[in-house]
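Both counts, for ligands and for their atoms, begin at 1 and track the order of listing.
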Amino acid sequence: MEQKKKKIVVFTGAGVSADSGIATFRDSDGLWVNYRIEDVCTPEALVRNRAQVVEFYNLRRRESLTKKPNDGHLAIASMEEWADVEVVTQNVDNLHEQAGSSRVTHLHGELMKLRSERNPDLIYDINGWEQKLDARAEDGALLRPHIVFFGESVPMFDTACKIVASADILIVVGTSLAVYPAASLVYYVRDRQVPIYLVDPGNPDTAMIRNPLYHIKERGAVGVPQLVAQLRDELTK
Ligand code: OAD
């Protein structure tokens with residue numbers, strides 16, 4: 001009789017895309033070193049400083065169009081051959097999807113989408129990189145990047161909590177665990193026995209994690225394939 005596949009949930013942050021050439025936020029070369037969050041990533045900035053906000057995300061979008069998934073994204077997607085895998089990402093790029101991951105939940109929005117400023121359910125794919133400043137949705141409202149700004153609620157958080165609670169194994173890749181509520185997802189595992197594997201060359205804030213924690217101190221393109229090979233050996237024997 002075939003055994004039920006293990007449920008593996010992968011929770012990712014900017015670090016998983018760092019090896020694809022996309023800057024993280026809080027590292028020494030990170031985006032928040034060169035930009036102020038309050039200038040480009042808050043609802044107030046969109047009102048006061050619309051051109052700068054739109055320009056910031058146009059730049060991110062233009063840059064992301066040239067980026068490809070790295071071995072970390074690909075290894076995560078490959079687990080679908082032998083495990084029941086869901087990805088929850090804080091990233092707004094689409095590199096998990098490009099790598100072949102079929103179930104990806106974006107907590108902080110998606111760069112390749114725009115939405116009505118009035119109706120959050122009017123969401124559009126953007127063709128190419130440029131959001132024109134005066135582009136409007138069909139309800140007549142101006143369009144804005146489909147990004148969760150600081151100070152806004154995180155509509156996919158409840159969905160993400162349920163996904164994490166369904167995990168037999170949680171893998172966390174490339175996140176400083178500094179931004180809430182996203183960072184609190186690691187506490188939504190079903191019980192204290194669920195192992196948490198962390199792949200990150202730095203030191204994310206894991207002080208409060210009480211589950212078995214295995215920190216693989218490598219960059220994503222190296223550490224994730226190693227971990228995936230190890231889990232495949234353990235789970236498919
Ligand atoms: P951070 O920039 O806060 O953290 C990046 C993490 O990636 C750090 O723990 C680094 O050690 C790690 N890292 C760096 N290089 C890496 C590599 N090559 N491989 C693997 N890991 C690497 O990014 P996030 O935790 O994702 O939100 O930030 C969370 C949120 O803050 C983002 O989603 C974004 C940001 O402001 C919004 O914009 C709403």
Considering Glu218, His108, Glu152, which one's heavy-atom position lies nearest to atom 37 (C) of ligand 1? His108
Contact check: Phe25 vs ligand 1, nitrogen or oxygen atoms, below 3.5 angstrom: yes
4.0 Å heavy-atom contact, Phe149 with ligand 1: no
Heavy-atom nearest neighbour in the protein, as seen from atom 14 (C) of ligand 1, with distance rounded to 0.1 Å: Asp27 OD2, 3.2 Å
Counting only heavy atoms closer than 4.0 Å, does ligand 1 sit against the backbone of Thr175, its side chain, both, or neither? both
For a quick check under 3.5 Å, do Gln230 and Glu234 share a side-chain donor-acceptor pair by atom type? yes
Among side-chain atoms of Ser64 and Asp93, is any donor-acceptor pair under 3.5 angstrom? no
Under 4.0 Å, counting heavy atoms only: does Pro201 come that close to any atom of ligand 1? yes
Considering only the protein, which heavy-atom contact is closest to atom 30 (C) of ligand 1, and what is its distance? Val179 CG2, 3.8 Å
If the plane angle is over 60° it's perpendicular, under 30° parallel, otherwise tilted; pick one for Trp32 and Phe25. tilted
Atoms of ligand 1, numbered as shown, that sit under 4.0 Å from any heavy atom of Gly202: 11 (O)
If you have a sec, work out which protein heavy atom is nearest atom 17 (C) of ligand 1 and how many Å separate them, to one decimal? Gly15 O, 3.4 Å
In sequence, state the C-alpha distance, the side-chain angles, and the governing distance for Ser20 and Lys67, and then conclude on side chain to side chain donor-acceptor pair (under 3.5 Å). CA-CA 6 Å; Ser20 295; Lys67 306 302 181 194; over 6 Å; no
Do any nitrogen or oxygen atoms of Ser176 lie less than 3.5 angstrom from nitrogen or oxygen atoms of ligand 1? yes
Heteroatom proximity flag, Asn203 to ligand 1, N/O under 3.5 Å: no
Show the atoms of ligand 1 that are less than 4.0 angstrom away from any heavy atom in Trp32. 35 (C), 36 (O)
Modelled atom types, side-chain donor and acceptor of His108 and Glu152, under 3.5 Å: no
Side-chain H-bond candidate by donor/acceptor type, Thr89 with Thr12, under 3.5 Å: yes
Specify the protein heavy atom at minimum distance from atom 9 (O) of ligand 1: its residue, its atom name, and the distance to 0.1 Å. Asp200 OD2, 2.7 Å
Salt-bridge present (Glu86, Arg103; N to O < 4.0 Å): yes
Go through ligand 1 atom by atom and flag the ones less than 4.0 Å from a non-hydrogen atom of Phe150. 36 (O)
Quick check: is Ile171 connected to Ile196 through a chain of hydrophobic side chains (ILVMFWY, heavy atoms under 4.5 Å apart)? no
When you compare ligand 1 with Gly220, is there at least one nitrogen or oxygen pair between them that comes in under 3.5 angstrom? yes
Gln90: numbered ligand 1 atoms lying under 4.0 Å from its heavy atoms: 29 (C), 33 (O)
Could you tell me which atoms of ligand 1, counted from 1 in the order shown, lie closer than 4.0 angstrom to a heavy atom of Ala18? 15 (N), 16 (C), 17 (C), 18 (N)
Short list, please: which atoms of ligand 1 are under 4.0 Å from a heavy atom of Gly13? 26 (O)
Are any of the side-chain nitrogens in Lys132 or Glu130 under 4.0 Å away from the carboxylate oxygens of its partner? yes
Thr175 and side chain to side chain contact (heavy atoms under 4.5 Å, CB included): which single residue from Val172, Val173, Val179 fits? Val172
Where ligand 1 meets Asp19 - atom numbers and elements under 4.0 angstrom, heavy-atom basis: 18 (N)
Any luck finding a side-chain donor-acceptor pair between Ser102 and Glu80 under 3.5 Å? yes
Closest approach of any protein heavy atom to atom 39 (C) of ligand 1, naming residue and atom: Val148 O, 3.0 Å
Side-chain ion pair, Asp168 and Arg190, N-O less than 4.0 Å: yes
Taking atom 38 (O) of ligand 1 as the reference point, the nearest protein heavy atom with its distance: Cys41 SG, 3.8 Å
Does Phe56 have Arg60 sitting over its ring (NZ/CZ under 6.0 Å from centre, angle to axis within 45°)? yes
Mind checking whether Ala14 has an N or O less than 3.5 Å away from an N or O of ligand 1? yes
With a heavy-atom distance limit of 4.0 Å, tell me whether Arg26 approaches ligand 1 through its side chain, its backbone, both, or neither. both
Is the shortest distance from a Lys or Arg side-chain nitrogen in Glu55 or Arg62 to a carboxylate oxygen in the other one below 4.0 Å? no
